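All remarks here apply to the structure that follows.
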2 protein chains.
Amino acid sequence: MKLVAIASYFEGEGKLSHRWSNNDEGVPASESHGQYISAIYRHMQIAISAELAPYRIGSGQYIFLMAISFGQPITQKALSEKLLIDKTTTAKAISKLETEGYVRREVDSSDNRYQLLFLTEAGQEVVPKVQEALARVKNKTRRGITDAEYDQMLSLLKIVLYNLTEQE
Amino acid sequence: MKLVAIASYFEGEGKLSHRWSNNDEGVPASESHGQYISAIYRHMQIAISAELAPYRIGSGQYIFLMAISFGQPITQKALSEKLLIDKTTTAKAISKLETEGYVRREVDSSDNRYQLLFLTEAGQEVVPKVQEALARVKNKTRRGITDAEYDQMLSLLKIVLYNLTEQE
DNA sequence: CCATATAGGATGTTATTGCAACTATTATTT
DNA sequence: AAATAATAGTTGCAATAACATCCTATATGG
């Protein structure tokens with residue numbers, strides 16, 4: 001896939017704006033974050049899939065692997081809430097990670113509804129490699145952005161997410 | 001789907017940070033935009049799907065409808081490049097819009113490989129409604145963000161997208 | 001104690017998306 | 001002019017993700 005032009009259908013013939021080509025009037029009021037969020041999401045999926053292919057981990061599974069490694073054991077329900085992902089999506093991602101041998105399920109003996117999730121040995125071993133791969137993608141995509149700007153962007157993204165998920 | 005907790009697996013037990021709960025040291029270095037981009041993307045898809053359901057337009061089609069309305073006629077190839085979307089995805093989205101009666105295909109007589117895309121009458125009529133629906137989602141999600149901050153966020157998102165798509 | 005409600009997961013289906021491979025048309029090369 | 005390249009689009013397949021629904025286990029109300 002050749003990526004040539006802009007992401008905004010509001011900009012007509014314009015090219016993807018880089019920092020230095022932003023005009024002085026700022027971003028047009030008609031522009032929306034949605035288009036950029038969407039394009040960034042899709043292309044990050046592509047980049048991460050390529051990075052993690054050697055470990056047979058897809059772009060739909062790595063977040064769960066990382067979350068489990070952060071605080072195991074954890075239940076699927078807790079994962080879903082933490083990552084704001086539907087519980088059925090979580091169930092299927094965990095199944096794949098289990099099939100690949102990275103995650104182990106164990107029924108909580110105090111409440112048989114719960115399945116506690118642990119990393120296997122293979123899981124423990126692969127986590128650092130996944131972290132490195134994710135860091136590579138992150139560093140590539142934030143080139144030319146200062147720490148302060150990056151922090152600001154994250155703060156704003158958090159507000160957007162909050163507005164999307166916490167309202168009425 | 002109940003959305004309760006945080007989006008970051010780096011934050012442990014923390015809750016989704018709102019502007020006012022950001023600590024003074026700023027965002028931890030380990031946090032990444034990826035998780036927020038992903039969550040925002042998925043929840044925007046949900047919100048937009050709900051808004052556009054009455055018109056039988058899915059979250060995968062509205063961008064194409066808007067882009068066609070912006071500058072018709074246009075080819076699928078041009079749409080794909082403009083929106084940074086794979087051409088096969090474009091083909092399928094256009095098929096749906098055609099089935100719903102919003103878009104019309106016409107072979108370019110000067111080069112039979114091209115199919116020029118136009119809005120139908122129904123398409124012309126639905127576009128303003130789609131714009132309103134998108135504006136509702138946009139306005140909801142940018143509550144509490146000033147114009148200047150929003151502009152800054154878009155500028156930074158553009159850099160991220162540029163880094164993802166224009167590098168080697 | 002039993003009926004109902006609630007909670008955690010699993011399964012089936014559908015929509016979005018990208019890749020590989022293909023067809024058809026135009027452009028280029030020899 | 002014939003063979004080969006390149007271009008626009010389509011089709012088949014697989015992965016991600018959500019919704020509806022169901023199952024099982026625990027909690028709660030009568």
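All of these numbers come straight from a predicted model, not from anything done at the bench. Within every chain, numbering begins at 1; the chains are lettered A, B, ... in the order of the sequence lines, protein sequences first and strands thereafter.
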C/dT26 pairs with, by Watson-Crick or G-U criteria that keep both distances under 3.5 Å: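 Looking at the geometry, C/dT26 pairs with no nucleotide.
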Margin query: Under a 3.5 Å cut-off for both contacts, is D/dA5 paired Watson-Crick or G-U wobble with anything, and if yes, with which nucleotide?
Written below: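 Answer to the pairing question: none, since D/dA5 forms no Watson-Crick or G-U pair.
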Closest to the [X] side chain, choosing from [options]:
{"X": "A/I46", "options": "C/dG18, D/dT10, D/dA18", "answer": "C/dG18"}
{"X": "B/R113", "options": "D/dG9, C/dG8, C/dT26", "answer": "C/dT26"}
{"X": "B/T75", "options": "D/dG9, C/dG9, C/dT17", "answer": "D/dG9"}
{"X": "B/Q115", "options": "D/dT10, D/dT16, C/dT17", "answer": "D/dT10"}
{"X": "A/Y41", "options": "D/dA17, C/dT16, C/dG8", "answer": "D/dA17"}

To the nearest angstrom, how far is [X] atom [atom1] from [N] atom [atom2]?
{"X": "A/M44", "N": "C/dG18", "atom1": "CE", "atom2": "C1'", "value": "17 Å"}
{"X": "B/Y62", "N": "C/dA15", "atom1": "OH", "atom2": "C1'", "value": "14 Å"}
{"X": "A/D111", "N": "D/dA25", "atom1": "CG", "atom2": "P", "value": "11 Å"}
{"X": "B/L116", "N": "D/dA8", "atom1": "CG", "atom2": "C1'", "value": "12 Å"}
{"X": "A/K87", "N": "D/dC23", "atom1": "NZ", "atom2": "P", "value": "14 Å"}
{"X": "B/I40", "N": "D/dA17", "atom1": "CD1", "atom2": "P", "value": "15 Å"}
{"X": "B/E81", "N": "D/dT7", "atom1": "CD", "atom2": "P", "value": "10 Å"}
{"X": "B/L83", "N": "C/dT16", "atom1": "CG", "atom2": "P", "value": "15 Å"}

message = Are A/M66 and A/L84 linked, directly or through intermediate hydrophobic residues, by side-chain heavy-atom contacts shorter than 4.5 Å (ILVMFWY only)?
response =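 A/L84 clusters together with A/M66.
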Does a side-chain N or O of [X] approach OP1 or OP2 of [N] to a distance below 4.0 Å, or not?
{"X": "A/Q45", "N": "C/dT17", "value": "no"}
{"X": "A/N112", "N": "C/dG8", "value": "no"}
{"X": "B/T89", "N": "C/dT16", "value": "no"}
{"X": "B/Q76", "N": "D/dT10", "value": "yes"}

_If I compare all heavy atoms of B/I94 with all of B/I68, which pair ends up nearest, and what's the gap?_
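Looking at all heavy atoms of both residues, the closest pair is CD1-CD1, 3.8 Å.
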>> Please give me the minimum heavy-atom distance between A/A78 and A/I74, naming the atom from each residue.
In response: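 Shortest heavy-atom contact: CB-CG1, 3.6 Å.
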**Item:** Any residue of residues 90-110 of chain B with a heavy atom less than 4.0 Å from an atom of DNA chain D
**Value:**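 Residues of residues 90-110 of chain B under 4.0 Å from DNA chain D: B/A91, B/K92, B/R105.
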Report task. Find the distance between NZ (B/K96) and CD (B/Q61) and round it off to the nearest 0.5 Å. Result ->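 Separation between the atoms: 5.0 Å.
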Open item on the list: Let me confirm one number: the CG-CG distance from A/N139 to A/L134, rounded to the nearest 0.5 Å.
Closed with: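 One gets 11.0 Å once the value is rounded to the nearest 0.5 Å.
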Discussion item. Once you apply a heavy-atom cut-off of 4.0 Å, does A/S49 come out as touching a base, just sugar-phosphate, or nothing?
Written reply: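 Counting heavy atoms under 4.0 Å across all strands, no contact is made by A/S49.
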Original post:
Can you say whether the rings of A/Y150 and B/H33 are parallel (under 30°), tilted (30 to 60°) or perpendicular (over 60°)?
Top reply: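 Judged by the thresholds at 30° and 60°, the geometry between A/Y150 and B/H33 is perpendicular.
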First encountered from the 5' end of DNA chain C, between A/T88 and A/S38: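 Nearest nucleotide further toward 5': that of A/T88.
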query: Can B/D147 and B/R142 be counted as an ion pair, charged N to O under 4.0 angstrom?
result: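 A salt bridge links B/D147 with B/R142.
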Q | Polar contact flag, side-chain donor to acceptor under 3.5 angstrom, B/E31-B/Y36 | A |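 Result is yes, a qualifying pair exists.
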Open item on the list: I want to verify the glycosidic state of D/dA5; is it syn or anti under the 90° rule?
Closed with: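 The base of D/dA5 is oriented syn (glycosidic angle within 90° of 0).
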